[in-house]
Amino acid sequence: MVGIDLALIWAVIIGFGVIMYVLMDGFDLGLGILYPFAPDEDARDVMMNSVAPVWDGNETWLVLGGAGLLGAFPLVYAVFLPALYIGVFLMLAGLIFRGVAFEFRFKSRRNRHWWNRAFCWGSAVAAFSQGAVVGAYIQGFAVEDFVYVGGALDWLTPFTVLTGLGLMAGYALLGATWLIMKSEGYIQEWAYRITPTLLAVVLAVFLIISLWTPFVNPDVWERWFGHIGVIWIFPALALGCAVVVYRSVRQRREGLPFVATLGIYIFTYLGLVVSKWPVIVPPDYTIWDASSSPESQLFLLIGVLFVIPIVLAYTAWTYWVFRGKVKVGEGYH
């Protein structure tokens, strides 16, 4: 019983870490995706300066989720790494290129255009890889006795390509609404103009994925349509947040579009969780099947419960210190 309780606690902690990473790193990945379409170089300076003080702290949640997953559910790694090795490698490579671009772009003059490309392509590759990995999780893996028996490219299918492109569009929407909140003048107006288009793309991809999912994973279809009930509150709330984004942009609100976009992500993520719960390794291995020993989980839990409040505190403090608008010619660098 203790082991079951600890596995549940760890599932909640890891799930919290994942959604925190998506919410807090998604908008700076989105800004990178939007980089080639920015009005000019001053706009690119503002876009990068708006996230430069916080982007590296946002990566903390990725580390926390990955380390917690290894410690609490080590058998997951036995399946996920062989199945998703190329996708995970591409994600990390994209994050590295993006991180280097943060530091070198402002110091380079002759080769700044190359660092612009590194920031853009690093963000795009990282976002696409994350979306493709989520799609692979939805469609499931070829697993026998917790051993992956599929091929190296089984994760890359038309469905996962769509989820990868969909997450890129979603991150771009998050980046645009972040820029509305953090910029002013013609840069803010540009962000206002592109937000409705990005929202329409996100909703279209969401609809296509919803119609496609029953063909790649009938279990998810059964979960949603076999017992129609409370589970439908999550897509309803996500669509409600989409309406708020659209209306608040038309009303030229500054903070509400970003908050409502975060709501779209939160409710979509919760919908994905309930679609698969309690399966952690598709098609049918649960969190209790994959968990480590209760002693190991308890030992790690003590440290994590001490670290999380500290991470939350310094993250909140950082965002508070660097609150407000980022103006042309001013910034972190």
Side-chain angles (χ1 to χ4, degrees), residues 17-38 44 47-48 50-52 54-63 65-66 80 84-102 105 115-139 155-179 182 191 194-195 197-206 208-209 238 242 245 258 261-266 268-269 272:
V18 170
I19 190 59
M20 287 295 292
Y21 170 75
V22 169
L23 296 180
M24 302 184 69
D25 207 36
F27 58 83
D28 62 70
L29 286 170
L31 290 176
I33 293 169
L34 294 174
Y35 227 52
F37 310 103
R44 295 186 182 94
M47 292 166 72
M48 185 170 278
S50 71
V51 295
V54 298
W55 76 271
D56 45 356
N58 295 341
E59 304 287 348
T60 303
W61 297 103
L62 181 63
V63 176
F80 278 27
L84 304 172
Y85 182 79
I86 296 176
V88 172
F89 172 80
L90 290 174
M91 180 191 72
L92 295 177
L95 293 176
I96 290 171
F97 270 91
R98 189 175 62 100
V100 174
F102 265 111
R105 180 184 176 276
W115 296 116
N116 286 343
R117 291 185 176 94
F119 184 60
C120 170
W121 285 104
S123 300
V125 169
F128 175 81
S129 301
Q130 291 175 14
V133 166
V134 172
Y137 177 73
I138 294 174
Q139 70 183 9
W155 63 277
L156 191 61
T157 65
F159 180 76
T160 62
V161 169
L162 179 63
T163 57
L165 295 175
L167 191 62
M168 288 177 63
Y171 279 166
L173 175 63
L174 203 56
T177 55
W178 167 265
L179 196 59
K182 297 293 289 185
I194 64 175
T195 296
T197 301
L198 292 171
L199 179 63
V201 172
V202 170
L203 293 177
V205 172
F206 179 80
I208 295 172
I209 291 174
V245 172
F258 180 69
T261 305
L262 293 179
I264 295 175
Y265 269 89
I266 291 172
T268 302
Y269 175 75
L272 174 62

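Note that the coordinates shown come from a computational prediction; the quantities given were computed from them, not determined experimentally. What's counted below: heavy atoms across the whole structure, side chains too, no hydrogens, waters or symmetry copies. For the single chain, residues carry numbers from 1 onward in sequence order.
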TODO: Find out whether Leu29 and Leu95 are in side-chain contact, i.e. whether some heavy atom of one side chain is under 4.5 Å from a heavy atom of the other.
DONE: yes
- [ ] For Trp115 and Ala101, work out which heavy atoms get closest and say how close.
- [x] O-CB, 3.6 Å
Open item on the list: To the closest 0.5 Å, what do you measure between OG1 (Thr160) and CG (Leu167)?
Closed with: 12.5 Å
TODO: Answer whether the closest heavy-atom distance between the side chains of Leu23 and Tyr269 falls below 4.5 Å.
DONE: no
- [ ] Using the side-chain contact (heavy atoms from CB on, under 4.5 Å) rule, take Leu162 and Ile209 through it: C-alpha gap first, then chi angles, then the decisive distance, then the call.
- [x] CA-CA 8 Å; Leu162 179 63; Ile209 291 174; 3.7 Å; yes
Task: Nearest heavy-atom neighbours spanning Ser129 and Leu90 - done: OG-CB, 3.4 Å
Task: Pairwise side-chain hydrogen bond (donor to acceptor under 3.5 Å, both in side chains) hits with a residue in residues 161-171, at least two apart - done: Gln130-Tyr171
- [ ] Tell me, please, which residues at least two apart from Trp155 pass ring-ring contact (aromatic ring centres under 6.0 Å, His included).
- [x] none
Open item on the list: Taking ring-ring contact (aromatic ring centres under 6.0 Å, His included) as the definition, give me every residue that meets it alongside Phe128, ordered by chain and number, with sequence neighbours left out.
Closed with: none
TODO: Evaluate the side-chain proximity of Phe258 to Leu174: yes if any heavy-atom separation is below 4.5 Å, no if none is.
DONE: yes
Open item on the list: If I compare all heavy atoms of Met91 with all of Ala126, which pair ends up nearest, and what's the gap?
Closed with: O-CB, 3.9 Å
- [ ] Provide the closest heavy-atom pair for Leu198 versus Ala172 in the form atom of the first, atom of the second, distance.
- [x] CD1-O, 3.6 Å
TODO: Kindly compute the distance separating CG (Leu156) from CD1 (Ile86), expressed to the nearest 0.5 Å.
DONE: 8.5 Å
Task: Minimal non-hydrogen separation, Val201 against Ala169, with atom names - done: CG1-CB, 3.8 Å
Task: Point-to-point distance, once rounded to the nearest 0.5 Å, from OG1 of Thr197 to CD1 of Ile194 - done: 8.5 Å
Task: Closest contact, heavy atoms only, Met168 versus Ile33 - done: O-CD1, 3.6 Å
Open item on the list: Restricting to side-chain hydrogen bond (donor to acceptor under 3.5 Å, both in side chains), what partner residues turn up for Ser123, sequence neighbours left out?
Closed with: none
TODO: Under the ring-ring contact (aromatic ring centres under 6.0 Å, His included) rule, collect the residues that match up with Phe206, sequence neighbours excluded.
DONE: none
Task: Residue of the set Met47, Arg44, Met48 for which side-chain contact (heavy atoms from CB on, under 4.5 Å) holds with Phe119 - done: Met48
TODO: With the side chain counted from C-beta on, respond yes when Thr261 and Thr195 share a heavy-atom pair under 4.5 Å apart, and no when they do not.
DONE: no
Open item on the list: For a 4.5 angstrom cut-off between non-hydrogen side-chain atoms, does Leu34 reach Leu179?
Closed with: no
Open item on the list: Taking ring-ring contact (aromatic ring centres under 6.0 Å, His included) as the definition, give me every residue that meets it alongside Phe97, ordered by chain and number, with sequence neighbours left out.
Closed with: none
Task: Under 3.5 Å donor-acceptor, Thr268 side chain and Tyr265 backbone - done: no
TODO: Could you check whether the rings of Phe27 and Trp178 sit parallel, tilted or perpendicular, using 30° and 60° as the cut-offs?
DONE: parallel
